[in-house]
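So the structure is just underneath, and the comments pick up after that.
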Amino acid sequence: MPEGLEAEIWTRAAQAVVGREIAKVWCDERVAPLGFVESSTGATIEKVRRCGKVVVIDTDGSSLGLHFGMTGRLEIDGTAPIPRLEYASGRDRAEWDRLRLWTVHDHQTSLSTAPALRMNDPRRLGKLTLDADLSGLGADCLTLTSDELTAGLGRRRVAIKSALLDQRVVAGLGNLCADEVLFHAGVAPRRPADSLTPEEIESIGAQCRRCLPRLLAAGGSTHGELSPEVRSAAGPCPLDGAPLARMAIGGRTAVWCPTHQR
DNA sequence: CGGCATGTTTCGCC
DNA sequence: AGGCGAAACATGCC
C-alpha cells in the first residue's frame, strides 16, 4: 500500500498531533534504531511532513521517520485514514504493531485511549528512523518538473520504469504510480531512460503533476486506471482495449499497454 | 506447495 | 566510482 501518496495522506491526517507532547512510546525493536524510545519520549511534536515515502515527525529534539515498507499502515488517534485493502480478510493483529506512540493529550482524556500514532506492518519491511538523512532523495513526484526529471535521470540507461522507482531520481513514486504515470504519458516502461525525447520527459512530468494529485484525492495509489484488479487480470487496456502486457522489469512487475505506450 | 506482493538494502560484476 | 541486476529481507495470501 505505501507509496508517496499514502505517506501524503497519513502526513495530512497526522497534522492532528502537531503541538502535542509525547508521553509514552513503544516500538518493535527489530524495526527501530537503538534509543528510539528514549529519544522520542517527552519531546514535543513540532511538525509532521513527508519526504518521498517517509512520514517525518519533527520534535523539539529528534526527528522520527516512519517508513512503511510494503505493508505498513498508520492510524492516527485510533482512525486509519486509509482503510486496509490488502489483507482485507485478515485482522489488524496487535502482534503486527511496530509503533505505538501516546501523547499527553491522550492521557488527559482517558488512560485507555488509542495511541496518537500506531504503525502496523505485517511484513515488517517498514522501518523507524531517528534523524534520518533524506538528502539523497530526488525531486518529489507530486510536483515533478521536466527539468527535475531530466536532472534526476542523468545519463542512466536503465529502463525508465526502474529509473522512476529509484528514490534518488524521483521521490515518492512506487510500483503502482510509476506504471500509472507511464500509462498516461504513453511511454513504454522498458524504454531506456536515455532514449526518451524531451517531449516524453515533459509528458511524464506533466502526468506526475496531473494524475498523482487526482489519485491522491481518490484515495491513493490503488485508485488509478491500472488498479490492482486490472493489474492482476492483465485484461484489456482501459484506454484502447488492447491486451495489457505484464512483465518483470528491474525486479518489479510492470503492467502496460503495448499499443498506446511506445 | 509454489508463486506473488504498493519496498529498500546489499552484494557482486562490470 | 558508479551503474546495474539479482538476491536478500520478512510474512501473509491466493
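Computed from a prediction, not measured in an experiment: that's the story for all the values here. Here is how names work: the chains are called A, B, and so on, in the same order as the sequence lines, proteins then strands, and each is numbered from 1.
Checking the phosphate oxygens (OP1, OP2) of B/dT8, a side-chain nitrogen or oxygen of A/His67 falls inside 4.0 Å. For B/dT8, the OP1/OP2 oxygens have a side-chain nitrogen or oxygen of A/Gln167 closer than 4.0 Å. Checking the phosphate oxygens (OP1, OP2) of C/dG3, no side-chain nitrogen or oxygen of A/Arg155 falls inside 4.0 Å. Between A/Lys53 and B/dG7 there is a side-chain polar atom (N or O) within less than 4.0 angstrom of OP1 or OP2. Note on A/Thr253: a side-chain N or O is less than 4.0 Å away from OP1 or OP2 of B/dA5. When the side-chain nitrogen and oxygen atoms of A/Trp96 are compared with OP1 and OP2 of C/dA10, none of them lie within a distance under 4.0 Å. An OP1 or OP2 oxygen of B/dC4 is reached within less than 4.0 angstrom by no side-chain nitrogen or oxygen of A/Arg123.
Of the charged side-chain nitrogens involved, none lies within less than 4.0 Å of a carboxylate oxygen, so that A/Lys47 and A/Asp58 do not count as a salt-bridged pair. The residues A/Asp97 and A/Arg118 are annotated as salt-bridged, a charged nitrogen and a carboxylate oxygen being separated by less than 4.0 angstrom. Under 4.0 Å is where a charged nitrogen must lie from a carboxylate oxygen, and between A/Asp194 and A/Arg155 no such pair does.
Taking atom P on both C/dA10 and B/dC11, the two are 14 Å apart, rounded to the nearest angstrom. When the P atom is used for both C/dC13 and B/dT8, the distance is 22 Å, rounded to whole Å.
Residue contacts shown for A/Arg168 are absent, as no nucleic acid heavy atom lies under 4.0 Å away. Here A/Gly69 lies in heavy-atom contact (under 4.0 Å) with sugar-phosphate atoms only.
Atom C1' of nucleotide B/dT8 and atom CG of A/Leu173 are separated by 15 Å, given to the nearest angstrom. Rounded to whole Å, the distance from CZ on A/Arg93 to C1' on C/dT11 is 10 Å. We find that CG of A/Leu125 is positioned 12 Å from P of C/dG12, with the value rounded to whole Å. When the P atom of B/dC4 is taken as reference, atom CZ of A/Arg231 falls 14 Å away, rounded to whole Å. In this entry the distance linking NZ of A/Lys161 with C1' of C/dC4 reads 16 Å, nearest Å. Taking atom CZ of A/Arg252 as the reference point, atom C1' of B/dA5 lies 8 Å away to the nearest angstrom. The nearest whole Å value for the distance from the CE atom in A/Met70 to the C1' atom in C/dT11 is 11 Å. Here B/dG7 presents its P atom at 15 Å from CD1 of A/Ile249, a figure rounded to the nearest Å.
Here the rule is side chain to side chain contact (heavy atoms under 4.5 Å, CB included) with A/Phe68, and of A/Asn120, A/Val54, A/Val55, A/Asp121 only A/Val55 fits it.
In this structure, C/dG12 forms a base pair with B/dC4, meeting either the Watson-Crick or the G-U wobble geometry with both donor-acceptor distances under 3.5 Å.
On a pure distance criterion of 3.5 Å, no polar donor-acceptor pair joins the side chain of A/Arg124 and the base of C/dA10.
No path of Ile, Leu, Val, Met, Phe, Trp and Tyr side chains, each step under 4.5 Å between heavy atoms, connects A/Val187 with A/Leu165, placing them in separate hydrophobic clusters.
For A/Arg157, taking side-chain heavy atoms from C-beta onward, the closest of the listed nucleotides B/dG7, C/dG12, C/dC4 is C/dC4.
Heavy atoms from other residues, nucleotides or ligands lying under 6.0 Å from CZ of A/Arg190 number 12 at most.
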